Amino acid sequence: MPEFVLTVARFGFLVLLWIFVFTVVGVIRRDLFSGARSKSIVASPRGVGGAVLPGRPAKVKRGKAARQLVVTAGQLAGTRITLGEAPITIGRAEDSTLVITDDFASARHARLVPRDGQWFVEDLGSTNGTYLDRGKVSGPTPVPLGVPIRIGRTSLELRP
């Protein structure tokens, strides 16, 4: 094989190796420092600065409001969290409301926020995504009772 072809192949491999290293460092950095960008929000029907959030609030039947968050699958299966007015943060970070030790969960993975008697799930820029039933969550999404929220191998449900 000519010397020139071998040299080009070596440099090409070296470039691909550095691209891989920078990609891995970027993912790790984003996962470790995502908490600096995500602050807890005040559960309110109004957004930042008092602007009304788009969309109509979902109707909640009387007596069917969510009162508990139940872990249905994963290492914490059977864990129950009583819901109040405060947002619930989910992730591997120690200051999360629900600390998940799942390898597929980010440090600050997702948040459940009460708004107008309905709970909304939002992904906080996680690496592997948050799923409501079988659909990927891309923005604040209302969570019906009994519909699974999946984060890695962990599943959660809102229960009355």
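Predicted model only: the values in this text are computed from it and were never measured. Quick note: numbers below take in every heavy atom, side chains included, and nothing from hydrogens, waters or symmetry partners.
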Quick one: side-chain hydrogen bond (donor to acceptor under 3.5 Å, both in side chains) partners of [X], sequence neighbours excluded?
X: Thr72; answer: none
X: Arg80; answer: Gln68
X: Thr141; answer: none
X: Thr97; answer: Thr89

What side-chain donor-acceptor pairs closer than 3.5 Å can you find for residues 7-27, not counting sequence neighbours?
from  : atom 1 : to    : atom 2 : distance (Å)
Thr7  : OG1    : Glu3  : O      : 2.9
Thr23 : OG1    : Ile19 : O      : 2.8

Between OG on residue Ser106 and CG on residue Asn128, distance to nearest 0.5 Å: 6.5 Å
Inter-residue atom distance Thr154.OG1 - Phe104.CZ, 0.5 Å rounding: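 Between Thr154 OG1 and Phe104 CZ, I get 10.5 Å after rounding to 0.5 Å.
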Electrostatic pair Arg92-Asp103, nearest N-O below 4.0 angstrom: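 Salt bridge: no.
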ILVMFWY clustering at 4.5 Å (side-chain atoms), partners of Leu145: Leu69, Val71, Leu76, Ile81, Leu83, Ile88, Ile90, Leu98, Ile100, Leu112, Trp119, Val121, Leu132, Val137, Val143, Val147, Ile149, Ile151, Leu156, Leu158
Asp133 side chain near Pro148 side chain, heavy-atom distance below 4.5 Å: yes
From CA spacing to verdict: side chain to side chain contact (heavy atoms under 4.5 Å, CB included), His109, Asp123: CA-CA 6 Å; His109 196 99; Asp123 187 83; 4.0 Å; yes
Closest contact, heavy atoms only, Gln118 versus Pro144: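 So the two residues come closest at NE2-N, 4.2 Å.
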